[in-house]
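All values derive from a computational prediction rather than experimental measurement. Note that these values count all heavy atoms, side chains included, but never hydrogens, waters or copies made by symmetry. Order of the sequence lines sets the chain letters (A, B, ...), proteins ahead of strands, with each chain counted from 1.
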Protein chains: 2
Amino acid sequence: MHKPTIQDVARRAGVGVGTVSRVLNNHAAVRASTRESVLGAIAELNYTPNPHARRIAGGKSYTISVLLPVVTTEFYVRLLDGLEHAFQEARYDVAIFPLLDRSRLERYLGSHTLAYQADGLVMATYNLTQMFQQGTNIRPYSGPTVLVDAFAEGVDCAYMDNVLGGRVAGEYASQLGGQLYAVWVETELDQLFTTRVFDDRRSGFMEAVEQAGQTVRGEYTSSFDSLNARMVAVQLLDEAVLPATVFASADLLAGALLDEAQARGLQLGRDLRVIGFDDQPWAQGRGLTTLHQPVEAMGYEAAQLLLTRLSGHEGPPRARRFEPRLVVRSSSQ
Amino acid sequence: MHKPTIQDVARRAGVGVGTVSRVLNNHAAVRASTRESVLGAIAELNYTPNPHARRIAGGKSYTISVLLPVVTTEFYVRLLDGLEHAFQEARYDVAIFPLLDRSRLERYLGSHTLAYQADGLVMATYNLTQMFQQGTNIRPYSGPTVLVDAFAEGVDCAYMDNVLGGRVAGEYASQLGGQLYAVWVETELDQLFTTRVFDDRRSGFMEAVEQAGQTVRGEYTSSFDSLNARMVAVQLLDEAVLPATVFASADLLAGALLDEAQARGLQLGRDLRVIGFDDQPWAQGRGLTTLHQPVEAMGYEAAQLLLTRLSGHEGPPRARRFEPRLVVRSSSQ
DNA sequence: TTGTACGCGTTATCAT
DNA sequence: ATGATAACGCGTACAA
């Protein structure tokens, strides 16, 4: 009772192994009827190809390494969903490397580990330039690489247009009336996790507000931490002139504002309007107006960019842009 | 200029491929001098064996799957260090499956990737019984499995003795003098991430305090969240009779106490003594007395348990116990 | 102790 | 369109 092989399938279907392989890999040149019987045999035997044999015969590893920071969960869950979906369709395996700290990055990329066995590399949220240009001992990965949720010159990338997201928030906030305030996320000091998303959201927001002929009456900064977020919320509501409209550049910050507003008995939509960013799972339940990001689509597209390279596509780097979408809920009206 | 193979090494060293393979796998029966020359050739050619060929020839995958919750970073970083170290020594690859959410677990266990790839499974911090016995559609992994940082009957496991840790804290706290207080971590509702560590720490602590003829004057509960931790610290210090000794069952909670104590101008060691649990990287810098856990050793040992199974060890399930160690710093004296 | 030859399960290259 | 068959790189039984 061993695991069925391609031989077993071929015998069962009354064809050669070559034909089975062709069916498996969509090599077009196979008659519809034979394809049917092969697929039938595969189903009956509950056959799944041995990936290792596949890798050694094909010369490729059929594996993609995904370098993933471990910060906020929700975002990366969705990102992985998109990536894995696309790669699975193309019969690629995904090896996940959670970058829990900096030393792991260097170890992972240090030649002999899995990261270098892979046919391709997906890097999430990292500043390639910083990583590979600084005087680190990290040597660039030689295979095809795609950046996701980050933008850089010279590399394929799929990124979220946070400038646009900020602008949408700014336009919407400007027409709500009331004094304008904003809370930004303090950029991490650790270079590895440096991100420009919050800077981008800010510049978009400020630009839109200015174009609307308004001014931001106060700006605040918080670390990405519930305690600090609450403290900032307290300070903001102490100082703010009501009615106020606050753009919080992350839902975590917006949530703290909702909490503090509730503690003070402020009425949302009248005394205070809040706009978040991320559309976390709880945002709907709490009625938070926020910017929803098509994260899965971004992951899926990033995978497609890599897959086309793997199947031989040459040409200049491509950048795919994704747009956050405003979801209006009760916190702003 | 292709990647060197075992053939190249054999030719270079003037031996047969079998000998090279024997050297690679420590198959004892090889003369020291030939071993040397083979290792020399390997070094000169910068040869690394093709893992996929190895897997297909040997019938094994030489890969271990590690199911890892993504919660607090520091702990799992160290755990992974220990695991990866051991597996690397034994020439096994480690595939990490970050369990960002529940649906991923089912997908991982259901899909052929994990089943195919791995010779063994390491599960961190999960309650096996709960996972496999509840009416879920999760079917148990058939290969050898080891639990790490969790204890269950019928499975090999390496676990931290949190009861002992609590007891040590209790004994130490009891002899410090002053009123005793404790802060516990609220257990997660999500069954997947249910953990008994905080219950264990509590029962050990209470037992030790009782044995010392003392009583705990107040118990508090906080979620694992800096904001809530601070709120609880505020409440505790509002109500506490000074001088007080507080056992915080996680450094996160202890840190909030230090913050609040500082804000109130309390003098640590005189008005307030704090004992944490975890020995986070910042604990030393802030002088926090806390319980250090040999996490790397636990991971290493868990890997060894699995490796012995892989090399054919039969016999009843084994449990390896690890002991937290009290690190006394200025916050308690 | 060591070399040779076979097999692992798949893909790719030929003929047909 | 399809069936043989040769790789792919390594582990291992067997012979020497």
Side-chain angles (χ1 to χ4, degrees), chain A residues 2-39 41-42 45-63 90-93 112 117 119 310-312, chain B residues 2-39 41-42 45-63 90-93 112 115-117 119 310-312:
Chain A
H2 70 292
K3 202 166 180 314
T5 74
I6 198 173
Q7 305 277 358
D8 300 322
V9 175
R11 207 172 307 124
R12 178 88 167 205
V15 300
V17 291
T19 304
V20 178
S21 179
R22 276 184 281 263
V23 170
L24 249 30
N25 298 298
N26 299 317
H27 268 254
V30 51
R31 197 190 312 160
S33 60
T34 37
R35 160 180 237 91
E36 287 306 313
S37 63
V38 168
L39 289 175
I42 288 178
L45 294 174
N46 194 24
Y47 162 79
T48 52
N50 182 322
H52 308 305
R54 183 155 185 260
R55 302 190 222 277
I56 190 184
K60 301 198 289 179
S61 80
Y62 291 95
T63 300
R91 297 187 61 209
Y92 274 78
D93 276 342
H112 298 307
Q117 305 280 357
D119 292 333
L310 289 175
S311 49
Chain B
H2 68 293
K3 196 169 183 302
T5 74
I6 198 172
Q7 306 275 359
D8 300 323
V9 175
R11 207 172 306 125
R12 177 89 168 204
V15 298
V17 290
T19 305
V20 178
S21 179
R22 277 183 280 265
V23 170
L24 250 29
N25 298 302
N26 299 317
H27 269 251
V30 51
R31 197 190 309 160
S33 60
T34 36
R35 159 179 238 90
E36 287 306 313
S37 63
V38 168
L39 290 175
I42 288 177
L45 294 174
N46 194 23
Y47 163 78
T48 51
N50 181 322
H52 308 303
R54 182 157 184 262
R55 302 193 220 282
I56 191 181
K60 300 200 291 177
S61 80
Y62 291 95
T63 300
R91 297 188 60 209
Y92 275 78
D93 276 342
H112 294 292
Y116 236 124
Q117 300 279 3
D119 292 331
L310 291 175
S311 50

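- The distance from atom CG of B/Leu45 to atom C1' of D/dG9 is 15 Å, rounded to the nearest whole Å.
- Side-chain contact of B/Arg55 with A/Asn50: a donor-acceptor pair under 3.5 Å is absent, judged by distance alone.
- Look at OH on A/Tyr92: it is 12 Å from P on C/dT11, rounded to the nearest Å.
- If you take CZ of B/Arg22 and P of D/dC14, they are 14 Å apart, rounded to a whole angstrom.
- Rounding to the nearest 0.5 angstrom, the gap separating the CZ atom in A/Arg54 from the CG atom in A/Asp93 is 8.5 Å.
- Nucleic acid contact for A/Arg55: none, since no nucleic acid atom lies under 4.0 Å from a heavy atom of the residue.
- In this structure, the OH atom of A/Tyr62 is 16 Å from the P atom of D/dC8, given to the nearest Å.
- Here the CD1 atom belonging to A/Ile42 is positioned 12.0 Å from the CZ atom belonging to A/Arg12, to the nearest 0.5 angstrom.
- Atom CG of B/Asn26 is separated from atom P of D/dT12 by 12 Å (rounded to the nearest Å).
- A residue-by-residue look at B/Ile56 and B/Ser33 shows that B/Ser33 has its nearest nucleotide of DNA chain C further toward the 5' end.
- The aromatic rings of B/Tyr92 and B/Tyr62 lie tilted to each other, with the angle between the two planes from 30° to 60°.
- To the nearest angstrom, C1' of D/dC8 lies 17 Å from CZ of B/Arg54.
- Taking only side-chain nitrogens and oxygens, B/Thr19 never comes nearer than 4.0 Å to OP1 or OP2 of C/dT2.
- Here A/Val17 lies in heavy-atom contact (under 4.0 Å) with a base.
- For D/dA1, the OP1/OP2 oxygens have no side-chain nitrogen or oxygen of A/Thr34 closer than 4.0 Å.
- Put simply, CG on A/Asn25 is 15 Å from C1' on C/dT13, counting in whole angstrom units.
- For the pair B/Asp8 CG and D/dG9 C1', the computed distance is 11 Å after rounding to whole Å.
- Remark: the backbone N or O of B/Ser61 is paired with a side-chain donor or acceptor of B/Thr63 at under 3.5 angstrom.
- B/Ser21 comes within 4.0 angstrom of a nucleotide base, judged by non-hydrogen atoms across all strands.
- In terms of position along DNA chain C, the nucleotide closest to B/Val15 lies nearer the 5' end than the nucleotide closest to the other residue of the pair B/Val15 and B/Ala57.
- Of the side-chain N and O atoms in A/Arg31, none sit less than 4.0 angstrom from OP1 or OP2 of D/dA1.
- Side-chain proximity of A/Asn50 to the nucleotides C/dG9, D/dG9, D/dT2 is greatest for C/dG9.
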